[in-house]
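Before any comments, here is the structure.
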Amino acid sequence: MDLTDTIELPTTSPDTVPVGAGLSIFDPVFLGIDEFGQPVYLPMIYRNILIGGEPGAGKSSLLNTIVGHAALCPDVRLCLLDGKQVELGLWEDACDVFVGPDLNHAIRTLRRAQTVMDNRYTFLKARRRRKIGPNDLFGQILVACDEIAYFSATAGDKKDQELFAALLRDIVARGRAVGIIVAAATQRPSSDIIPTSLRDIFAWRFAGRCTTDVSSDIVLGHGWAARGFSSNTIDPNNQGAGYLISEGGIPALVKAAYMTDADIIRVADYAAWTRRQSGLTTTAERHATTDIKAAA
Amino acid sequence: MSKSTSRSPFGWSNRGGNVTVIEAPVARSYRRRATIAFWVTLGVVGLLAATVASHYLHPILGALLGGVIGVAVGAVVFALIVAWPVLRVFWHWLTEIVLGLVAVYGWNALMQSTPLWGSLLIVALVVGVPAAIGPVRRRIVAWIWCLVVRHRLRMCFAAFIATNRSGSLPLILLARPTPAGERVWVWLRPGLSLRDLEQDGQVQKLAVACWANEVRVMRASRKYAALIRVDITRREPLAAKVLSPLPDYVPTDVPANAPTSPGMPPVGLDLPDVPDEPVTAPTDTPRPRKPRNPTTTTSPSDGFDPSDYA
């Protein structure tokens, strides 16, 4: 899997094509290790993940790992929504759409994703198929959203917030079979922040440290704290540790992998470089987004 | 298991009442089971042996031989079942007993085959080298903990985990060291379920009894509800930083022509740079209030005001 010694990149000649990292979103994402020292791999295709936990619990680090994996997959387009800008901002050049603290832009982006989803379903129906597979006609789309609470409870007015939540719920609910993956992070996904109808349809859950058993239950699902799985018991200094519900359905204590900022920048630069060469991100699109941001 | 009531070191509880190795009700129940097992064995084995023997001997002799064999086998089964509470203790402590025997007899054999300095040297090497090498020492200590934990869990099951009427305890299967502590597989007997162990406070009691930080129980098999896994946590194995392998996929000499987003001048980065503006949020603008009773607003036009009659 280590491709560093097999790739030789000429740094000067401009007419060469950079080789992608050879990852696919159909490969499980390396998430970290579990408490027994075994590596934890999380299959993200056809799945969605909700990440919760108190500030500094390592949510963004985990989200960066997932986005980083997707960025190195040549067949995945990235839609990043980050009210805090800096958590996912390092991937801005590698992604297709980057939404900062701008609720209208977020809603427009989700609407685009929704339209793509509808078109894909129409296409699949016309071909008498039920879901996409690897090496399909079209790639996958990762919608990563850090701090959902900013879009669904803080910015804008009530109507727009509800519209945002409804669009996101629709994408989470219907997007899986056409390869639209949602990874969302927030501190405390209680019902005043996210509608429970949205919260409860995420398949995978990750609960970083929470301040109370109830908060942990809100992320993981009701009743886990009573059965001994409360992320309240995690050491606050142990960032990145948390309970993960994935395959098997029982929470497992895992420690999420960590990338330094320099590493993220390096991976993001490489991803941007390979994506530009392969035409995955169109520069016109990026100019459009920057224009919108400048206008906003 | 053994409760001494007298100075005599060995003996059964029945006649002299000197020492109780097996408590009276337990002994009674085992004797009853043993009697049943004796008669069943006698019947089945006797019949089979008699049938086979009748082929080779005179039928009456064959039947007699079958009866004798049945009695012999039945007696062995009877003795095994009556002595089972004691045999079980030997089984539970088998590893320790074997280790003790190996230590004693090994030392004896070593002393007889080599001079004193040689045996001391070998013992020093056998004990000292693993003790000096960290990973080996930790692995051995982890195995010792596995032995300890099995005894502690057995004690817990006997002491406070609800058992069925015949008093059979869960079977403690393998124990394995993990980076966090130990993992023990347990086979539950009829009368117990995972829910009994998950009851409020049970796992905490287990943790206390195992001298651990935390104990978790969960199913170990999708097929059998009886097979459960007890995870005993003593250490925090997740304290160290886990590095993501993603940067390894990227060559180290990425050309520095990666695009940079349009820069932003450092303006408005501190509190004095941002003016104090009045709040004019669009949501706070008063909407034209819809009157509750539309008839009242239209009524003044024609000179009739119903509020006069209120």
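A quick note: this is a predicted structure, and the numbers were derived from the prediction, not measured. Chain A is the first sequence line, chain B the second, and so forth, proteins listed ahead of strands; every chain is numbered from 1.
- Using a 4.5 Å cut-off between heavy atoms, Asn237(A) makes no contact with chain B at all.
- For a residue to count as touching a neighbouring chain, one of its non-hydrogen atoms must lie under 4.5 Å from one of that chain's; by this rule Gln204(B) does not touch chain A.
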task: Evaluate side chain to side chain contact (heavy atoms under 4.5 Å, CB included) for Val242(B) paired with Tyr258(A), printing each intermediate quantity in order.
output: CA-CA 6 Å; Val242(B) 183; Tyr258(A) 172 78; over 6 Å; no

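- Neither the backbone nor the side chain of Ala271(A) has a heavy atom closer than 4.5 Å to any heavy atom of chain B.
- Closest approach of Val267(A) and Pro247(B) over heavy atoms only: CG2-CA, 3.7 Å.
- By the 4.5 Å heavy-atom criterion applied to side chains, Arg216(B) and Glu35(A) are counted as neighbours.
- With a threshold of 4.5 angstrom between heavy atoms, Arg183(B) approaches chain A through side-chain atoms but not through N, CA, C or O.
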- prompt: For His69(A) and Tyr249(B), what are the C-alpha separation, side-chain angles and deciding distance, and is it a side chain to side chain contact (heavy atoms under 4.5 Å, CB included)?
  reply: CA-CA 10 Å; His69(A) 181 100; Tyr249(B) 288 97; over 6 Å; no

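- Contact count versus chain A (heavy atoms, under 4.5 Å) is highest, among Ala239(B), Pro179(B), Gly181(B), for Pro179(B).
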- request: Give the C-alpha distance, both sets of side-chain angles, the deciding distance and a yes or no for side chain to side chain contact (heavy atoms under 4.5 Å, CB included) between Leu253(A) and Leu238(B).
  value: CA-CA 9 Å; Leu253(A) 192 60; Leu238(B) 303 180; 3.6 Å; yes

task: Output, in order, the C-alpha distance, side-chain angles, deciding distance and verdict of side chain to side chain contact (heavy atoms under 4.5 Å, CB included) for Ile264(A) and Leu246(B).
output: CA-CA 9 Å; Ile264(A) 294 177; Leu246(B) 284 177; over 6 Å; no

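- Chain B forms more heavy-atom pairs under 4.5 Å with one residue of Asn64(A), Asp34(A), Asp263(A), Ile234(A) than with any other, namely Asp263(A).
- Heavy-atom distances place both the backbone and the side chain of Ile33(A) under 4.5 Å from chain B.
- By the 6.0 Å contact criterion, CZ on Arg137(B) is enclosed, its count of non-hydrogen atoms from other residues, nucleotides or ligands being greater than 12.
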